[in-house]
Amino acid sequence: MQLIPCPWCGPREEVEFHYGGQAHVSYPADPAALSDEEWARFVFFRDNPRGPFAERWSHTAGCRRWFNAVRDTRSYELHAVYRLDEERPVTT
Amino acid sequence: MSADFRLPSGGRIDRDTRLRFTFNGQSLAGRKGDTLASALLANGLHQVTTSIKYGRPRGIMAAGVEEPNALVQVAEPFSEPMLTATTVELCDGLVADGLVGHGRLDTEPDTARYDAKHAHCDVLVVGAGPAGLAAALTAARAGSRVVLVDDQNEAGGSLLGRDDYLDERSSDAWVCDVIAELAAAPDVLLLDRTTAFGAYQDGFVLALQRRTDDLGFDAPRHVSRHRIWRIRAKQTVIATGAHERPIVFSDNDRPGIMLAGAARTYLHRYGVQVGRRIGVFTTNDSAYHAAIELAEAGMDVPVLIDARHTVPPKLSAECATRGIDVYPGHVVTGTEGQERLTDVHIRSITGGHADTVVCDTLLVSGGWNPAVHLFSQLGGSLRYAPELGAYVPGESLSSARVAGSAAGAIELMACIEQGAEAGRAAVTAAGFRPAAEIPVPFADARADEAAATVLWRVPGSENAEEDTQFVDLQRDVTVSDVTRATGAGLESLEHVKRYTTIGTAHDQGKTSGMLAAAIVAEELGADLADRRPTTFRPPYTSVSFAALGGRDRGELYDPIRVTALHDWHVAHGAEFEDVGQWKRARHYPRQGEDMHAAVLRECRAAREGVALMDGSTLGKIDLQGPDAAELLDMLYTNMMSTLKVGRIRYGVMCGIDGMVIDDGTVIRLADDHFLLTTTTGNAAMVLDWIEEWLQTEWPHLRVFATSVTEHWVTVPLVGPKSRDVLAAVAPDLDVSNDAFGFMTWQDAVLDVADGIPARICRISFSGELAYEINVNAWDGLALWEALINAGEPYGITPYGTETMHVLRAEKGYPIVGQDTDGTVTPQDLGMSWAVSKKKADFIGKRSFSRAENLRPDRKQLVGLVPADPTVLLPEGAHIIESDHLPEPPVRMLGHVTSSYDSAALGRTFALALLRSGRDRIGEKLYAPVDDQLVPVTVTETVLYDKEGARRDG
């Protein structure tokens with residue numbers, strides 16, 4: 001079982017966390033202005049890369065705070081965790 | 001055969017403690033410290049069972065977890081299926097039988113205790129053999145927290161099965177010294193009888209500890225039988241040793257054919273002779289030691305057959321002095337014997353000389369396979385080592401290192417040095433400074449004299465009918481089975497494994513996997529270095545579900561949530577149903593009533609008199625903050641910001657895809673204060689949902705959301721007489737329709753006990769005049785009993801969730817999650833009235849105008865009435881158009897989501913999701929039920945009191 005470093009609580013067991021999918025996908029400012037296709041892209045489409053992926057996590061069974069993480073989808077290694085209001089950090 | 005194969009001295013058993021046991025119905029005796037296998041061998045018994053497919057006699061082949069043959073079913077002292085005789089510690093009164101194929105689970109409940117414990121350390125060492133001990137000692141001396149696990153009942157690993165000297169003392173003395181030092185260290189945890197069976201990310205290792213198995217009937221009841229250790233280590237040293245590899249030849253499966261190292265273990269550890277007249281077949285030097293040691297112990301060892309042309313000169317000479325004829329460049333081509341080996345056929349590799357040797361035992365060594373399981377489980381890549389004929393770790397991992405024969409080391413000195421080095425590296429990586437001097441004892445075990453050769457198999461008959469060259473003994477898979485797989489075009493070892501079942505038995509290919517990989521490569525003309533081994537996955541050895549389940553069974557399997565009124569429900573005969581983790585009263589049967597009768601009675605009471613239920617499980621979320629109204633406008637499809645203080649509004653929540661995720665009521669307590677209710681099962685989800693939006697999208701909104709579900713007891717009081725009952729308990733409250741209108745709430749102090757504060761909401765989930773009375777949880781029982789008393793003149797009736805369902809369905813109120821399934825919009829439910837046209841945006845709004853969600857043939861919620869008013873449609877039943885069942889595929893128009901018998905309607909009815917449902921109202925359709933087609937008529941969803949006349953009483 002993986003340890004996930006919550007930015008507020010430190011490393012905790014992965015069962016305490018809830019996965020929230022791709023990070024940096026913002027709710028559109030004006031959904032009504034979007035075409036059906038643009039809206040469908042927001043609702044249904046997410047990246048699925050092999051390698052580093054910025055994604056959202058919530059420490060559901062802990063501090064209940066959401067945060068972002070860059071995780072390698074091949075090794076599951078977490079390269080970085082960062083707050084929602086922070087830019088995606090540069091990772092190698 | 002003579003029954004006593006126990007040597008008069010030697011071994012590590014307690015000779016003074018005699019243990020009686022029964023095997024295959026035969027009463028036998030062993031000694032404390034024996035395994036079942038060593039005790040059987042001491043009684044001259046090799047055969048344990050017969051094989052799964054061909055019924056061939058099979059005996060003990062190994063001395064540890066790699067055993068492919070000796071499967072047993074243990075009946076006493078603890079019933080357990082499918083264990084290997086080589087890993088069952090003997091206890092007094094043990095009863096076991098050889099097992100053919102599948103084990104039999106006991107039908108009696110397992111009353112033993114199982115538990116789990118966490119351990120955290122800097123360095124975890126797996127294996128207490130020479131490498132592991134050196135690693136643990138190095139790590140401990142650096143002052144780190146160390147956990148050392150070993151699967152045997154005592155430390156020493158391979159040293160237990162040999163007669164090596166370290167620093168000119170018996171290796172036993174060194175092992176004892178190391179263990180004593182580790183045991184005295186403050187932060188070292190030593191776990192024997194503990195098998196690390198799974199290695200996962202971030203230093204997480206699972207291990208199974210057998211705590212009482214060796215105690216047999218004397219095992220204390222209060223001690224858990226098995227314990228799962230969940231170990232989190234900064235660094236792991238894998239010193240798991242190696243498994244000896246057999247060689248495939250014709251009739252290589254007879255009882256009496258055994259791995260050479262196992263025979264040494266039975267000799268040195270258990271004082272057991274594995275036979276009287278012993279042949280040896282090897283590809284390397286290690287079996288020479290076996291031959292010499294067994295001859296020294298008095299066994300007749302007539303021949304040593306070495307597949308190598310160049311044999312070790314000194315060892316050969318030592319063999320000669322003991323009368324062991326060494327045959328260089330020879331192989332075993334076949335064997336004879338039924339229940340026990342009698343003869344061994346040998347032949348020169350180059351042809352010419354051939355002979356038959358009379359033997360009751362044949363020791364085989366084809367080299368050693370490093371036990372790389374845990375390393376591979378961690379994702380470590382493996383490399384083929386041609387000099388070993390085996391896979392070894394092919395890379396270093398940042399937090400796990402492999403040492404000793406698990407890393408491919410052959411010689412004792414190398415194992416110890418590697419262990420010490422791995423311990424030093426691990427403890428350094430964990431942030432400690434290791435001692436400058438690493439304590440490595442000098443091993444005078446001799447270096448190998450001649451290089452090993454690699455021999456997978458001695459060719460025999462390839463005719464599948466006659467083929468007795470067994471690769472996987474447990475699965476009865478032969479060489480011809482493998483060649484049939486490759487002949488069928490299978491190349492990947494993973495495919496061959498699944499085609500032949502090689503490596504899929506209890507032993508997971510510990511002796512057969514490498515042989516299979518090699519034979520496949522040979523058949524394909526491929527180099528093993530270019531091929532991938534099959535993936536090692538946990539568990540390394542079998543782990544029972546009882547152990548994995550631990551204490552999480554029965555009542556502790558899942559938390560049980562009960563309301564503050566639970567004991568009253570129990571005392572009044574309620575039947576319960578599980579709703580998530582909640583226990584909810586489903587109905588309250590009276591004497592002689594079944595659920596159907598009870599529910600009809602409860603429904604009648606609610607529609608004609610007064611009834612009450614425990615609605616406390618309803619999810620409740622307290623929402624506070626200056627921006628709470630703005631948030632609610634985004635969360636609900638309808639407008640919440642216009643709700644006035646003192647009023648209540650029903651609302652629907654959707655996902656961004658426009659599908660209904662929950663519904664409930666919103667109560668405005670103050671400008672900046674709301675109470676939301678959710679469905680029982682969605683309370684946690686809705687709180688998560690609110691927090692997610694608040695944190696991730698709208699952090700500027702000043703709102704707090706708090707779960708208050710358990711703070712309140714909620715009692716719906718339902719029926720035309722509910723106003724009278726409420727008036728009785730709340731004499732200070734004006735309960736008239738004008739003063740206390742529908743969808744408003746009032747705070748009141750009830751004339752109950754010393755006066756209890758209550759919040760009363762005029763909400764109806766039944767269509768009747770109804771109130772939801774909320775009080776502090778600790779006042780719940782007083783409220784409930786006061787209502788029962790006050791309602792007594794009106795025949796007040798407690799009702800359960802089943803009646804609640806019937807009442808709401810009669811009114812066409814959907815239950816989210818029962819009448820919806822994540823593909824249903826508010827419009828599909830006929831709730832366009834709850835979808836705001838005024839709001840610029842809310843979650844889900846944009847999706848409503850997607851083309852897919854505007855299709856006229858979407859499934860919509862409708863009512864159904866069966867033509868026969870006594871026929872109850874099963875929930876989930878499909879709905880079709882034609883009055884006969886056409887050839888498949890049959891076009892399904894929808895399905896029944898709720899179905900009940902109604903006291904108020906005097907008939908059965910149902911709700912259904914139906915294609916173009918609202919356009920089909922009045923149509924006659926059919927529901928296939930068993931082999932009947934039940935005719936039904938499509939109706940509006942509201943079947944009772946369509947004009948809503950009953951709401952105000």
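Residue numbers begin at 1 in each chain, while the letters A, B, ... track the order of the sequences.
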- Only one of R64(A), E16(A), H18(A) passes side chain to side chain donor-acceptor pair (under 3.5 Å) with H59(A); say which it is. E16(A)

- Pairs meeting criterion salt bridge (charged side-chain N to carboxylate O under 4.0 Å, His left out) with involvement of residues 836-846 of chain B, two or more places apart: D36(A)-R846(B)

- R553(B) to Y557(B) six-membered ring, cation-pi geometry met (6.0 Å, 45°): no

All N/O donor-acceptor pairs, side-chain side in residues 197-209 of chain B, below 3.5 Å, sequence neighbours left out:
from	atom 1	to	atom 2	distance (Å)
Q201(B)	NE2	S75(A)	O	3.3
D202(B)	OD2	L3(A)	N	2.7
Q209(B)	OE1	W229(B)	NE1	2.7

- Where do E691(B) and R65(A) land on the salt bridge (Lys or Arg N to Asp or Glu O under 4.0 Å) test, with the steps shown first? CA-CA 8 Å; E691(B) 289 183 345; R65(A) 302 282 291 269; over 6 Å; no

- Item | Polar side chain donor-acceptor pair, E55(A) to W57(A), under 3.5 angstrom | yes

- Query: Counting heavy-atom pairs under 4.5 Å to chain B, which of A23(A), S58(A), S35(A), A40(A) comes out on top?
  - Reply: S35(A)

- Among S849(B), S847(B), G655(B), P699(B), which has the most heavy-atom pairs under 4.5 Å with chain A? S847(B)

- Answer with side chain, backbone, both or neither: which region of E697(B) has an atom nearer than 4.5 Å to a non-hydrogen atom of chain A? side chain

- Scan side-chain atoms only and decide if T825(B) and N853(B) contain a donor-acceptor pair under the 3.5 Å cut-off. no

- Which residues in residues 66-74 of chain A have a heavy atom less than 4.5 Å from any heavy atom of chain B? W66(A)

- Quick one: what part of F848(B) sits under 4.5 Å from any heavy atom of chain A, side chain, backbone, both or neither? neither

- Query: Which pairs pass salt bridge (charged side-chain N to carboxylate O under 4.0 Å, His left out) with one or both residues in residues 5-14 of chain A, sequence neighbours excluded?
  - Reply: E13(A)-R232(B)

